[in-house]
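Take a look at the structure set out below.
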Amino acid sequence: MIAGLLRSDFAQRDADQFQVRRQQAFQLLAEQFRLADVRQQRGIAAHILELYREFLPSAHAYADFSTALNPGVHTPFRPEDLDSLQQLLAAAISPTNWQSELVHAQEYSALLDDIARYSPEGICIVRDDSGGPLAFCAGFWLHGSSLSMLDRYAPGILALLSDEQATLRTLPRELTDTLCVLLAAVDVRHPLYGPEELGALLMQQWLVEMTSGLRGIMITADPQLKGLFQSLGFQRMGHIKLNDTEAENELTRWELDFRHQTFDKWVKEIIRQTGPAGLPALISRNEPRAKVDGSAAKQIMELLFSGDEIEQLPVVQTLGLRGSDVRNCVQNMLTANEAPYPLTRLDQSILRAVYLQRNRNKNQLADDFHMSRTTFYRHSLQALEHMGHVLTQALSGMES
């Protein structure tokens, strides 16, 4: 709450500088997201959504992430949660609260039981500080053995998956990467927060979960939800009618796919869609002119002592730098007492041994670092990725 008040005060005092600083913070978080583990990614994603919530769509209550309520620490579904979730679901069933448009209300309880039994990782829960559920959504991960459950509870969905059914029927459970949401409910009797506020927290939590490289599918006939999904970057993937005589019952399949899209790119697109007109200029002004990925970092390291050849690399030419400047920059990073984030001391040691000392083959190096050759290779690739990240910032600051 204090952080929000400070940001609000900063924005009122100097709106332009506030946007610049927030964009810099976003870029730092987005870069850290790519290198973080799954748990850290959840925290970074939630923080990015917090920083940019006023740029996200606000036409619909379920996109208003401005509630002062903070969900508890993320904890996956536990068997002891089931009774609480069933109570939330039973209390929420009414014509004014959306739970599922694919499943008959009398099937909700049995469906939730089966999801908890066969696909517990398909349940996303927002909890209060004590760990009690405030809201949840639930669905099946799509794979060969889950399609029969879909057919039982929501046969209409199979028509929306017609282009994928053949592949899904042979997909083993361990390779699944797509969650189809069938149920959602919030605590409609909460004394302080309304259903829309809790629904916004649920949407935020679900988005954070998907950022780990997953695809989420939601299906709705609600025009407000359709507008919300479109503004949040979901893609429309077909539709069916539950009742051929009622156009308003047309169900549309929406999906958000992070399997081939990075979280930071998604957020930037949302900001460009919904933010103030001047923000794209701020984004482009603060982005590095050239990005050094792991492959480019490897090229730089391999040509470190090859005279002017390093200047012929595309990334170095784009920045207009001299080879000697790049070489000095790399050597300083590899010999610094404190490795610049996200470069680690182990990264420094591996890169020095491979590219500066050059007196051992890969098998000998793996032995020196007490690793198998495969593990050493993986650490070498990671070290190059980290070096590329650091070089992107350092070289962009030196560009002519």
Side-chain angles (χ1 to χ4, degrees), residues 62 71-72 74-128 130-161 168 173 176 178-191 193-206 209-210 216-222 224-225 240 242-243 249 251-254:
Y62 288 112
H74 169 75
T75 306
F77 169 79
R78 301 171 299 209
E80 56 267 31
D81 293 324
L82 185 56
D83 286 344
S84 297
L85 300 188
Q86 288 284 15
Q87 291 172 19
L88 289 183
L89 191 59
I93 294 176
S94 81
T96 57
N97 292 296
W98 178 82
Q99 289 82 44
S100 178
E101 296 163 84
L102 283 167
V103 183
H104 295 299
Q106 59 268 29
E107 297 272 22
Y108 287 172
S109 179
L111 171 58
L112 182 55
D113 281 343
D114 277 343
I115 291 175
R117 184 179 299 113
Y118 299 111
S119 188
E121 63 279 4
I123 300 176
C124 176
I125 302 176
V126 172
R127 303 177 185 274
D128 60 21
S130 66
L134 292 170
F136 78 94
C137 61
F140 288 110
W141 289 98
L142 300 185
H143 51 80
S145 57
S146 68
L147 291 191
S148 61
M149 304 297 291
L150 284 177
D151 192 34
R152 174 185 169 186
Y153 289 106
I157 197 175
L158 294 182
L160 289 171
L161 297 172
L168 290 173
R173 180 189 182 101
T176 184
T178 299
L179 175 66
C180 182
V181 175
L182 295 178
L183 288 173
V186 303
D187 184 356
V188 296
R189 296 178 293 195
H190 198 283
Y193 299 98
E196 292 81 9
E197 291 176 292
L198 297 177
L201 282 174
L202 179 60
M203 174 65 77
Q204 182 181 20
Q205 181 65 56
W206 186 83
E209 291 299 300
M210 291 299 105
I217 294 178
M218 292 198 178
I219 297 168
T220 184
D222 187 322
Q224 286 188 309
L225 282 175
I240 60 171
L242 289 182
N243 186 328
N249 279 335
L251 289 170
T252 303
R253 167 186 165 187
W254 295 88

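Model, not experiment: these values are computed from the prediction. Side-chain atoms are counted along with the backbone in the values below, which use heavy atoms only and exclude waters and symmetry mates.
Within the structure, the salt bridge (charged side-chain N to carboxylate O under 4.0 Å, His left out) test picks out the following pairs touching residues 136-152 (sequence neighbours left out): D114-R152. Residue pairs meeting the salt bridge (charged side-chain N to carboxylate O under 4.0 Å, His left out) criterion with at least one member in residues 138-147, sequence neighbours excluded, do not occur.
Summarising the geometry of L202 relative to A185, their closest heavy-atom pair is CD2-O, 4.4 Å, with the distance given to 0.1 Å. Contact detail for V181 and L183: the closest heavy-atom pair is CG1-O, 3.6 Å. Taking every heavy atom of both residues into account, L82 and F77 meet most closely at N-CE1, 4.0 Å. The nearest pair of heavy atoms linking C137 to W206 is SG-CD1, 3.4 Å. G139 and I115 get closest at one heavy-atom pair: O-CG2, 3.6 Å. Residues L88 and A135 approach most closely at CD1-N, 4.1 Å, considering heavy atoms.
L134 is listed as a side-chain neighbour of H190, based on a closest heavy-atom distance under 4.5 Å.
Atom CZ in R117 sits 10.5 Å away from atom CG in L112 (nearest 0.5 Å). Atom-to-atom distance recorded for L142:CG and L179:CG is 7.5 Å, nearest 0.5 angstrom. Rounding to the nearest 0.5 angstrom, the gap separating the CE atom in M210 from the CD1 atom in I217 is 10.5 Å. For the atom pair CD (E209) and SG (C124), the distance works out to 5.0 Å, reported to the nearest 0.5 Å. In this structure, OG on S119 lies 6.0 Å from NE2 on H143, to the nearest 0.5 angstrom. The distance from atom CG of L111 to atom CD of Q106, rounded to the nearest 0.5 Å, is 12.0 Å.
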Verdict with reasoning, V126 to L198, per side chain to side chain contact (heavy atoms under 4.5 Å, CB included):
CA-CA 8 Å; V126 172; L198 297 177; over 6 Å; no

Run the side chain to side chain contact (heavy atoms under 4.5 Å, CB included) check on W141 and R173 step by step: do they pass?
CA-CA 8 Å; W141 289 98; R173 180 189 182 101; over 6 Å; no

What verdict does the side chain to side chain contact (heavy atoms under 4.5 Å, CB included) test give for T220 and L251, after you've listed the backbone C-alpha separation in whole Å, the side-chain angles of each residue and the deciding distance to 0.1 Å?
CA-CA 5 Å; T220 184; L251 289 170; 5.6 Å; no

Worked check of side chain to side chain contact (heavy atoms under 4.5 Å, CB included) between R189 and D187
CA-CA 5 Å; R189 296 178 293 195; D187 184 356; 3.8 Å; yes

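With sequence neighbours excluded, the residues that form a salt bridge (Lys or Arg N to Asp or Glu O under 4.0 Å) with R78 are E80, D81. Applying the side chain to side chain donor-acceptor pair (under 3.5 Å) test to S148 and every residue at least two apart in sequence or in another chain returns nothing. When the side chain to side chain contact (heavy atoms under 4.5 Å, CB included) test is applied to S109, the partners found at least two apart in sequence or on another chain are Q86, D113. Not counting sequence neighbours, A90 has no partner by the side chain to side chain contact (heavy atoms under 4.5 Å, CB included) test. Legend: residues meeting side chain to side chain donor-acceptor pair (under 3.5 Å) with T176, ordered by chain and number and at least two apart, are absent. In this structure, S146 has no side chain to side chain donor-acceptor pair (under 3.5 Å) partners at least two apart in sequence or on a different chain.
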